Amino acid sequence: MNANLAPTLPETRTSGADLELRGITKRFAEFVAVKDLDLLVPSGTFFALLGPSGCGKSTTLRMIAGLEAPSEGSISIGGEDVTSLPSHKRPVNTVFQSYALFPHMSVLENVAFGLKRKKDPEAMAKAQAGLEMVELAHLANRKPAQLSGGQQQRVALARALVNRPQVLLLDEPLGALDMKLRRQMQLELKTIQTEVGLTFIHVTHDQEEAMTMADTVAVMNEGRIEQMGPPRELYELPRTAFVANFLGKSNLMRGEVTGKRAGLLEVDVAGHSVLLPEDRAVQTSGQVVVGVRPEKITIDRTSSGAAHNELSGTVIDVSFTGTTTEYLVDVPGIGRIGTFSQNRGQQPAAVGDTVYLYWEADYSFGLAGDERMDAGVEQ
Amino acid sequence: MTQTISKSGLSDLRSKDEIRAERRKGRTGIYLVAPGLLVLALFFALPVVVLLAMSLYVKPPGAEIGEFVPGFEIGNYMTVLSAYWPELLRSFWFALIATVLALLIGFPMAYLVAVRLREKPLLQGILLVLLIAPFFSSFILRTQAWKQILADEGFIAQALKFVAILPADGHLTATPFAVVAGLTYNFLPFMVLPIYANLGRLDTRLLEAAGDLYASPMNSFFRITLPMSAPGIFAGTLLTFIPAAGDYVNSALLGNNRNTTMIGQVIDSRFFKVIDYPGAAALSFVLMVSILVLVTIYIRRFGTKELM
């Protein structure tokens with residue numbers, strides 16, 4: 001029995017391929033959508049391209065699919081240069097944001113479309129199996145218009161997946177779904193990716209989605225990649241204000257480096273002393289921006305007594321979210337600092353209260369002093 | 001309690017005012033449709049009935065030319081059918097060729113304007129106006145012009161003679177070729193416009209998806225573009241075939257009265273030259289019924305619910 005199963009397993013496990021973009025630039029008339037982009041996505045990775053609309057992530061995806069030609073640079077898949085290959089000759093399939101299901105074909109015909117073009121003798125059987133994978137086998141003979149949004153999304157996914165492409169591209173495929181379905185599909189996609197072992201490139205503007213699903217996240221802004229890495233690393237140690245603000249929330253404060261000791265930088269922020277690990281700082285002298293994530297801050301009515309990393313201010317907004325209470329605190333000379341505390345029965349602070357905000361030095365991160373503090377803040 | 005339950009119970013929960021308002025809406029609809037119905041009744045239904053009656057009239061013994069009396073002479077149909085079945089068949093044959101040619105010529109035109117030039121609205125507009133421009137001049141005048149275009153000393157005939165496709169003493173005018181060419185030209189806009197309207201709504205993202213799923217551009221065309229434009233092709237072929245089958249201007253101006261005569265021409269001469277009203281009426285009826293039968297078969301075969 002095992003002998004029979006053995007040959008099929010490795011085949012599905014290693015079907016992904018490396019994707020490499022070298023010096024990709026895309027210009028549309030006056031507008032530069034993507035600027036000199038270099039990217040290496042190892043085989044079998046779930047890779048997310050995250051950024052606000054207009055940052056060039058969809059254009060990048062379309063260039064990988066062969067739907068746009070790069071103005072400069074080259075694209076290779078599995079070590080083979082595909083830059084000049086038309087889309088129908090690339091070992092790549094896309095799940096489109098609009099799904100783009102063929103309305104005149106049945107669900108099954110839609111899923112079998114790619115296999116039939118490749119003249120796969122088992123096209124129909126594989127398409128049927130693909131529908132079973134997304135649990136829609138019972139709707140095989142329906143037309144796409146007769147399905148709900150979530151079902152259409154799954155047909156689009158099956159239609160791309162059954163071809164076992166070396167790279168699967170997902171262009172905001174969950175954008176049109178409601179919150180609950182979205183969460184469910186995120187988990188399903190992640191499970192499917194682990195099962196089939198393909199390289200997934202997922203384009204999204206939803207930072208939570210990118211972090212939950214991807215092994216590696218690249219944050220894109222204005223045609224460039226700002227920072228790339230595993231979600232936790234990006235979140236804990238952002239290197240630009242854009243990443244700090246776009247991926248989760250951050251409290252950013254401008255200050256001046258006044259000293260160094262034991263691997264820590266001492267920064268003067270409006271008269272407060274803030275300590276910052278030197279290896280967590282982009283810049284180690286002069287004017288810098290210090291950041292700390294809201295959940296790292298403790299909010300308290302009494303001072304911790306520490307000489308560093310403590311601010312005090314007045315609560316200007318309190319909102320109850322169920323598991324947590326969120327606070328907005330106005331700190332003189334610095335501005336508004338956001339934080340929250342778990343609701344564990346303590347009496348929450350009220351608007352107008354004077355509070356102390358403190359955090360461990362290890363949680364601080366340092367950015368370049370010339371950063372725009374509101375870069376990447378979602379409106 | 002002031003609240004009462006009406007005798008009709010829960011089946012009708014609308015108030016009297018609501019019911020009245022709804023009735024009023026229904027009546028407004030009828031008023032709006034009435035003029036159209038009246039026009040149709042006066043200028044279509046009534047003439048059809050008169051035509052049907054006329055097709056059964058008889059010629060009394062010793063009657064003058066054009067004198068007929070009401071009767072029930074089914075033989076009129078036998079007479080005209082046995083005399084003119086070749087012209088009837090030819091009409092459908094010519095109309096069919098013209099429809100196919102118009103589709104072959106018209107589809108690429110519609111595709112160019114509706115899909116390829118989508119990003120260039122100015123050029124699209126200009127080409128669309130050019131497409132409709134022929135309607136600004138008379139149908140007869142345009143057909144007459146074709147006589148000049150196909151004339152012996154014209155460019156086309158000369159060119160064809162030069163490459164020896166046409167023999168030195170050959171003609172293009174007064175041939176079946178000329179008639180079919182005229183039909184194709186005259187009804188081309190009726191083919192192009194419905195297809196254009198349909199292709200204008202074509203979602204090109206579907207073509208991208210097809211390309212992404214390994215379909216070559218040609219494959220995408222035959223698997224996506226063509227099937228999705230079926231309603232436009234369907235409407236276009238009907239709008240071309242029906243008037244082309246009944247047309248008599250092209251065969252009269254560009255034909256030769258031997259092997260180009262179409263049924264419309266026969267009906268025309270029966271009415272106005274031979275003054276055989278019952279025969280002309282019977283032929284008109286035969287034409288109408290045969291088109292109806294052909295079109296019904298066509299709709300049954302190709303027109304699904306989605307296409308209508």
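Every value quoted in this text rests on a predicted model; they were computed, and no experiment measured them. Side chains included, hydrogens not; waters and symmetry mates left out as well; all remaining heavy atoms used. By convention in this document, chain letters (A, B, ...) are assigned in the order of the sequence lines, proteins followed by strands, and residues within each chain are numbered from 1.
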Output all residues satisfying ring pair (Phe, Tyr, Trp, His ring centres under 6.0 Å) with B:Tyr185, sequence neighbours left out; order by chain, then residue number. B:Trp146
Please flag which part of A:Arg62 lies under 4.5 Å from any non-hydrogen atom of chain B: side chain, backbone, both or neither. side chain
Scanning both residues in full, the closest heavy-atom pair of A:Leu49 with A:Met220 reads CD2-SD, 3.8 Å
Within residues 109-133 of chain A, which residues come under 4.5 Å of chain B, heavy atom to heavy atom? A:Phe113, A:Gly114, A:Arg117, A:Lys118
With a 6.0 Å cut-off on the ring centroids, do B:Phe190 and B:Phe135 count as close? yes
With a 4.5 angstrom heavy-atom cut-off, which part of A:Leu101 approaches chain B: side chain, backbone, both or neither? backbone
B:Phe241-B:Phe187 aromatic ring centre distance below 6.0 Å: no
Find out whether B:Ile132 and B:Pro189 are in side-chain contact, i.e. whether some heavy atom of one side chain is under 4.5 Å from a heavy atom of the other. no
Report which part of B:Asn219 has an atom under 4.5 Å of a heavy atom belonging to chain A: side chain, backbone, both, or neither. side chain
Hey, does A:Met213 have a side-chain heavy atom less than 4.5 Å from the side chain of A:Thr204? no
Using 0.5 Å steps for rounding, measure from the OH atom of B:Tyr111 to the OG1 atom of B:Thr225. 5.0 Å
